[in-house]
Amino acid sequence: MSTNNLSYSDQGGTDSAVEVGQETTPTSSNAGAGFGLFSVDFKKNEDLKEMLESNKESLKLEAMKRVVGLIAKGKNASELFPAVVKNVASKNIELKKLVYVYLVRYAEEQQDLALLSISTFQRALKDPNQLIRASALRVLSSIRVPIIVPIMMLAIKEAASDMSPYVRKTSAHAIQKLYSLDQDQKELLIEVIEKLLKDKSTLVAGSVVMAFEEVCPDRIDLIHKNYRKLCNLLVDVEEWGQVVIISMLTRYARTQFTNPWKEAYILAFYESDEEKTRDETEAKPYMMDPDHRLLLRNTKPLLQSRNTAVVMSVAQLYWHLAPKNEVSIITKSLVRLLRSHREVQYIVLQNIATMSIQRKGMFEPYMKSFYVRSTDATHIKSLKLEILTSLANEANISTILREFQTYVKSQDKQFAAGTIQAIGRCATNISEVTDTCLNGLVLLLSNRDETVVAESVVVIRKLLQIQPTQHSDIIKHMAQLFDNITVPMARASILWLMGEYCERVPKIAPDVLRKMAKSFTSEEDIVKLQTVNLAAKLYLTNSKQTKLLTQYILNLGKYDQNYDIRDRTRFIRQLIVPNDKNGALSKYAHRILLAPKPAPVLESAYKDRDRYQLGTLSHTINTKASGYLELSDWPAVAPDQSVRNVEVIEPTGKSKPAKSSDDKFYSDSGEEEEEKGSGSSSSEDGSSSSSEESGSDAESHVQKNSSQSSEESDKSSSQSEKSSSESDSEKKERKTKTPLQKKTVKPTAKDRYHTIMEHRAGPTSPKQHTKTIFVNVINQHSVLQTFSYSHWSTLCVSLFTQLCPLSLAFPLQVSGPAFVPEKSHDLLHRMTGKGLSAQYQFPRQPCLYQPTMVSVQISLTNTTDHPLEQIHIGDRSPTGLNMHCFNTIECLEPEASVTVFMGIDFNDSTQAANFQLCTKEDHFSVSIQPAIGELLLPITMTELDFRKEKGKLLGMNESSATITMAAENMTSQPISRPVATVANLGVVPSSQGNVHRFAGKTASSRAVVLVTVELRESSTALITINTEKSVMGSMLLRDLKLALAQA
Amino acid sequence: MINSLFLINPSGEIFLEKHWKSVVSRSVCDYFLEAKEKALEPEDVPPVIHTPHHYLISIYRDKLFFLSVIQTEVPPLFVIEFLHRVAEMIQDYFGECSETVVKDHMVMVYELLEEMLDNGFPLATESNVLKEMIRPPTILRSVVNTLTGTSNVGDTLPTGQPSTIPWRRAGVRYTNNEAYFDVVEEIDAILDQSGTTVFAEIQGVVEACVKLSGMPDLTLSFMNPRLLDDVSFHPCVRYKLWESERVLSFIPPDGNFTLMTYHVNAQNLVAIPVYVKQSISFFECGSDGRLDVTVGPKQTMGKTVEGVMVTVHLPKTILSINLTATQGSYTYDNGTKLLVWDIGKLNPQKLPNLRGSLSLQAGAPKPEENPSLNIDLNIQQLAISGLKVNRLDMFGEKYKPFKGVKYITKAGKFQVRT
């Protein structure tokens, strides 16, 4: 390494190094000029050493600055090492920093002297200031001196358990440095990596994954336990770390999950047990692993990152991991990147080029974004051309060709030539336009520019080869042009065409050969070869006219300077000119030379780039870069999923009220499960107080449980598929680990599930039966208020929410609805539905499929006279719509009706959910538009809690209005009734007669919604709505105003 | 990841080098210089070059090449993005990014580079964090420093841990608390010969200059957020709130930053603020041609179009030009064949016109394609998409900040084909 360095500045001593410094001083106003007045007179660099050894800090500092200036310019300053290293213990922080910079640069060359500084760093590693600890470790690990490996190892181990995440981050970096210095430390370093992977700090995550990738990328077993944590932390990790983590997770996912592309995949959240029980014997449809889904879900927001590398890495993740129908969400973001810097464009366009070959549809709507501007750089232009060509299809080809026409005229001839090739590719791919393109290209033959003509000839040659029959006039035309074309490749192409199709132009071909015989000696090699070929072919087909010419040319070729041509001539002569020795072969000469040749396939240069992972350096340079890690193929059978489960720590804490185990919850939810969103964002706000926090805690608790139970069900279903004893035992083992509470509840829940499904299937309502189950359950859960409805289906739903052991100890208890409006809405009229009519209503029950969903009850009626078969739900939009469909209804008899339930995650917006209701024959587009009040869930809270919550939601979160009401409505009952009709809110008991309070939560994001109606004198009322969802607040206010004014 | 960085000026001189791992000889740059020689324009140098032992990833920006040396597989965008951050950081610290500035502040740039990467992996790229470690130079401070001998590096190391909000430095204090937002929209368009729009779209960016004390939590809402089709945010913006309510909620970094960039739904027709009538023709026989360009306002929403500028790359065979402009002035560089017509404000009553003759080199054939015109313009106080900021609320701090929003529309890549 040191020789490397000396190669460009191998000055011997201090003096010569100093000279170099001096030389540059006047020209480049060197570092000295940076610090002002008294360095204007040229300091002699000789005294650098003296200055460094002086007692004055300012002198030392200035000297160091000049030294670093030398380093920055690439000058050799190694001679000053002894003088510099003495200052390593300086108290002055700036001086110290500069000395560090110097040490890192030269320690490798001056190992013995560098050792002098080690003790200083060892002391600094114990400094109370985290930044000093971190920088000491940084420098210590950057000193590439093998002797100190043990010291480094020790320092890294210590730093890995430092209090400060910043120091831990530095230790993750140090791991890589040590590894590159001494590979023998691998095992010990992996231990440290394992420890750091468990770290919960977002600061550390990126760096440690980087270390993992560098040191032990094959040890994916270390990732299992941290997989979910990494997914959840991802959004908050700094952007560079995101890139590294995403690319690591892409590789991980490819080894752990099954291929989502195999068949039509059924919704990932399709996790109901009913499915399982019924389909047990049938073939399983693809079911996405919830962890797979977690990764896709948590990376999606990062498409909005400002960092282009992050966007690209998410894009490649979706490309390599997402089901085919979800990949298209990356399109928009990639197109957005095209607005960025030229270099970014270049990389993104390359990746789009690869993608567009496989999936035209993805980028077709954005075709115009790939139009070329005259100001684009050359490589950008050709990439855009490449993409436009790939996107061409029957529908848009005319637009593209019109655009190409403009490009052909471009001043940039290289680009024009590229366009001609592109036209050629379009012509071969889309047979409708082949003739148009060919004619266009023939017109270009009269272009003045040589490159354009030459390129056209070459492309025409390829096109003619594909369909040679109809185009003898084009060949004639080209023969005419032959004299004017000088580009060798074009001339060779024409000659080849003449020879190949000499029978179509019997008169012209010999004449061309005659001309060539004259100019043979002055042609390029490639043209000579084709001339020999032409001569041979003509000799075979038309020997009478060309025999002499051929012999002349063969004689010329025999003495050519180029051995290829001599060889070819010799070979041709033996082949075509019959003589005694080789008669056998010359019999076949005709068949050899004039064999029908397969037409060339014009393909994209990006065709085979998809063997590399998108977004990688290897993809860009189209060769395997060193250190490239292959993306493995999907495993046929998914490896055991349970390896990613993280053990739950405290079994008892869960059933207790959340308050007591606040901290534990936090750490849990961060480490273990999804939906950290609500918790962490509220703590970030800093405005939330303890009660809200405990609320969100309990929420994450709910989430956790539900996802766990879904996992459970998922798991058992996959088991039924595999029925491998191994995973069975695995599960049992795990079950014993789960908390006692669950153990008792789960089986009950599952057993009952079947019973209840039976009820749902049959239209009779064995209310009594259900009731007994319920009583069973409420022995464990003390929630009863929901149980006041006789409608059996509603009961089922509410029962379910109780059965899933979710709502234990929940301060902001989701309660039963105060009132369920009977109003139902038309989903599908029987006229439009060809006899199938559908109505929907909101039963106002917590959705049992997913807590964020709103449950919708749909009654389907068959008004035709024949049974309708296979009623199910088809496509939906927006595509991201999270929806739980009802099971396919196999058959609906005439005049029969059936009630089914769906869960729809409206994502707290009143945007309609559009989907298709399909029968065996037909499908009908329908949409459900929820009123704002239906997106809420009622909660019970005390007046005190209410005030507390309201206090937190002031300012922008508050919206209010005053309305006039009729005097007779000023009593309590008529107020709560219309409010409850409009919105699914719970009544909060009030101590004041004239103030009515209602509370609820939004279904999807669980934001608290508080409504206060204050009756005032002269029959006015003040409605106040407090919620952080200000949009919902104002919509709700509007609805309430309407309702109360009516009342 | 990133092994070394070289800064190279357009003439090929390497004037700064920084190594984060073992030193790589600067002779590796020869591969790059070779590629640079081959390219006609500095923009045409391929961003990724494959050499036997290293990979060179470079960007060209502000007339400087930033060349990084890579030894192993790394996402190229990762490196490119980082190099641009380096350029932005220099710009942020010293007001501009140029060779002279870097040479003047060699040591500080070197120290900054040292802080930005550790072992080739980005450590601190947020300007707020960097400024806490190494204070940017100001005129006042440099005078004080030279007199007292103190320096720019913070004497007291920051003790606060930036992990909670890594982009904002702690302990910000201002006497005047201000927050300014500039909504800048750029129209990218290609118009064809007849003036029909071939392609047009609007790209916008919200630039912020926030000088607020303490830890303010801001919420910015738009009147019509539905216009926004695709957005990207500064990391400070809470993505979830945007998803659910279409408001921008964030704790801002201190100082200047780009809050968001957006793309306006392309389905809406884009208003093109100017039209261009042009005819450029060359006579077949003689060595002469004519040029006649008129620019007029089209859909300007009642605002004045300012700063209009027309740039034309004339064909290489042009020998000289003789033009007269009714408004503004034109410059022509015979070396690069670049014609720039600076019009200024557009007056609807009297349309600016540029006409005159072009003469070709003797014997040169008539150019086949007419050069395309690149238009530059800006319209103050107008966001052409119609986007409007509704309100800005601040939470978390007691004082009342001064708030301001400015709109401006510019031409982005606005090209008229002829």
Side-chain angles (χ1 to χ4, degrees), chain A residues 1 4-5 7-8 28 31 34 36-37 58 65 68-69 72 74 93-94 101 129 131 138 165 173 176-177 203 210 240 243 301 304 306-309 312 332 336 339 341 343-344 346-347 368 371 373-374 377-379 409 411 448 615-617 620-621 625-628 677 908 956 1005 1029 1031, chain B residues 16-17 22-23 25-26 43-44 46-48 50 55 59 72-78 80-81 84 103-107 110 114 118-119 121-122 142 146 149 151 153 155 157 163 166 190 199 203 219 230-235 238-240 244-245 263 315 365 368-369 372 374 393 413 415 417:
Chain A
M1 208 36 79
N4 259 352
N5 184 46
S7 64
Y8 51 85
S28 63
L37 307 170
S58 58
K65 283 191 174 177
V68 170
I93 290 171
E94 187 173 18
V101 166
N129 188 324
L131 287 176
R138 261 182 80 186
H173 290 167
Q176 304 161 51
K177 298 183 210 168
L203 211 57
M210 188 64 224
W240 309 107
V243 178
Q304 256 61 50
R306 65 165 171 176
N307 188 318
T308 56
M312 188 66 228
K332 233 185 225 177
R336 184 185 70 228
R339 280 276 306 175
H341 303 285
E343 298 85 9
V344 175
Y346 173 70
I347 304 291
K368 290 191 170 175
Y371 279 9
R373 292 184 165 80
S374 61
T378 317
H379 46 258
K409 287 187 280 176
Q411 290 177 24
R448 261 197 310 273
T616 57
L617 183 62
T620 297
I621 56 178
S626 65
Y628 173 75
D908 288 350
M956 203 189 90
S1005 60
K1029 301 266 171 192
V1031 181
Chain B
L16 187 146
E17 62 178 68
S22 289
V23 178
S25 159
R26 58 164 71 185
E43 284 89 357
D44 288 344
V48 181
H50 181 190
Y55 308 97
I59 65 164
T72 53
E73 170 67 52
V74 59
L77 275 183
F78 186 98
I80 289 170
E81 179 82 27
H84 279 291
K103 281 182 172 170
D104 284 352
H105 301 93
M106 191 73 99
V107 176
Y110 196 83
E114 177 78 32
D118 182 16
N119 196 35
F121 189 78
S142 67
T146 43
S151 66
V153 172
D155 281 342
L157 281 170
S163 67
I190 302 177
F199 165 74
Q203 305 281 350
T219 304
D230 183 43
V231 285
S232 74
F233 300 120
H234 189 275
R238 297 184 180 105
Y239 181 73
K240 280 207 168 156
S244 56
E245 293 177 47
H263 176 264
E368 273 174 74
E369 192 207 24
S372 49
N374 293 301
D393 297 282
K413 294 171 181 164
Q415 196 162 77
R417 289 178 178 167

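Just so it is clear: chains get the letters A, B, ... in the order the sequence lines come, proteins before strands, and each one is counted from 1. Owing to the predicted nature of the structure, the values given are computational and were not obtained by experimental measurement.
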Asker: Which atoms of A:S626 are under 4.5 Å from chain B, going by heavy atoms: the side chain, the backbone, both sets, or neither?
Answerer: both

Asker: Would you indicate whether the side-chain heavy atoms of A:T308 and A:I347 approach each other to under 4.5 Å?
Answerer: no

Asker: Please determine whether salt bridge (Lys or Arg N to Asp or Glu O under 4.0 Å) holds for the pair B:K240 and B:E245, giving the CA-CA distance in whole Å, both sets of side-chain angles, and the decisive distance to 0.1 Å.
Answerer: CA-CA 8 Å; B:K240 280 207 168 156; B:E245 293 177 47; over 6 Å; no

Asker: Between B:L16, B:I190, B:I59, who has the most heavy-atom pairs with chain A when the cutoff is under 4.5 Å?
Answerer: B:I59

Asker: Is it the side chain or the backbone of B:I80 that comes within 4.5 Å of chain A heavy atoms, both, or neither?
Answerer: side chain

Asker: Sort out for me which of B:D118, B:D393, B:V74 touches chain A most, counting heavy-atom pairs under 4.5 Å.
Answerer: B:D118

Asker: When heavy-atom pairs shorter than 4.5 Å are enumerated against chain B, which of A:V68, A:T616, A:V344, A:V101 gives the highest number?
Answerer: A:T616

Asker: Checking heavy atoms, do the side chain of B:D44, its backbone, both or neither come under 4.5 Å from chain A?
Answerer: both

Asker: Would you say the side chain of A:E343 lies within less than 4.5 Å of the side chain of B:H84, judging by non-hydrogen atoms?
Answerer: yes

Asker: With a 4.5 Å cut-off on heavy-atom pairs, point out which of B:V48, B:V231, B:T72 contacts chain A the most.
Answerer: B:V231

Asker: Check whether any side-chain heavy atom of A:W240 sits under 4.5 Å from a side-chain heavy atom of B:E81, and report yes or no.
Answerer: yes

Asker: Determine whether a donor-acceptor pair (N or O, by modelled atom type, separation under 3.5 Å) exists between the side chain of B:Q415 and the backbone of A:S374.
Answerer: yes

Asker: Which pair of heavy atoms, one from A:A625 and one from B:E73, lies closest together, and at what distance?
Answerer: CB-OE1, 3.7 Å

Asker: Of all the heavy-atom pairs spanning B:P235 and A:R306, show the shortest one and how long it is.
Answerer: CD-NE, 3.2 Å

Asker: Between A:Y346 and chain B, which part of the residue has a heavy atom less than 4.5 Å away: side chain, backbone, both or neither?
Answerer: side chain

Asker: Do you know which of A:R373, A:K177, A:M312 has the most heavy-atom pairs under 4.5 Å to chain B?
Answerer: A:R373

Asker: With only heavy atoms counted, which part of B:F78 is less than 4.5 Å from chain A, the side chain, the backbone, both or neither?
Answerer: both

Asker: Please report the closest heavy-atom contact between A:Q304 and B:Y239, naming both atoms and the distance.
Answerer: OE1-OH, 3.4 Å

Asker: So which residue, A:T620, A:L617, A:V1031, ends up with the most heavy-atom pairs under 4.5 Å with chain B?
Answerer: A:L617

Asker: Measure across B:F121 and A:H173 and return the closest heavy-atom pair with its distance rounded to 0.1 Å.
Answerer: CD2-NE2, 3.3 Å

Asker: Should the pair A:R336-B:D230 be classified as a salt bridge under the 4.0 Å nitrogen-to-oxygen rule?
Answerer: yes

Asker: At a 4.5 Å cut-off on heavy atoms, which part of B:E43 comes close to chain A: side chain, backbone, both, or neither?
Answerer: both

Asker: Among B:P75, B:P122, B:S372, which residue has the highest count of heavy-atom pairs closer than 4.5 Å to chain A?
Answerer: B:P122

Asker: Below 4.5 Å from any heavy atom of chain B, which atoms of A:V243 appear? Answer side chain, backbone, both or neither.
Answerer: side chain

Asker: If you count heavy-atom pairs under 4.5 Å between each of A:K409, A:H341, A:Q176 and chain B, which one has the most?
Answerer: A:H341

Asker: Given the options A:A377, A:A72, A:G627, which has more heavy-atom pairs under 4.5 Å with chain B than any of the others?
Answerer: A:A72

Asker: Please examine the side chains of B:H263 and A:R339, heavy atoms only from C-beta on, and report whether any two atoms are closer than 4.5 Å.
Answerer: no

Asker: Is chain A contacted by the side chain of B:Y55, its backbone, both, or neither, given a heavy-atom distance below 4.5 Å?
Answerer: side chain

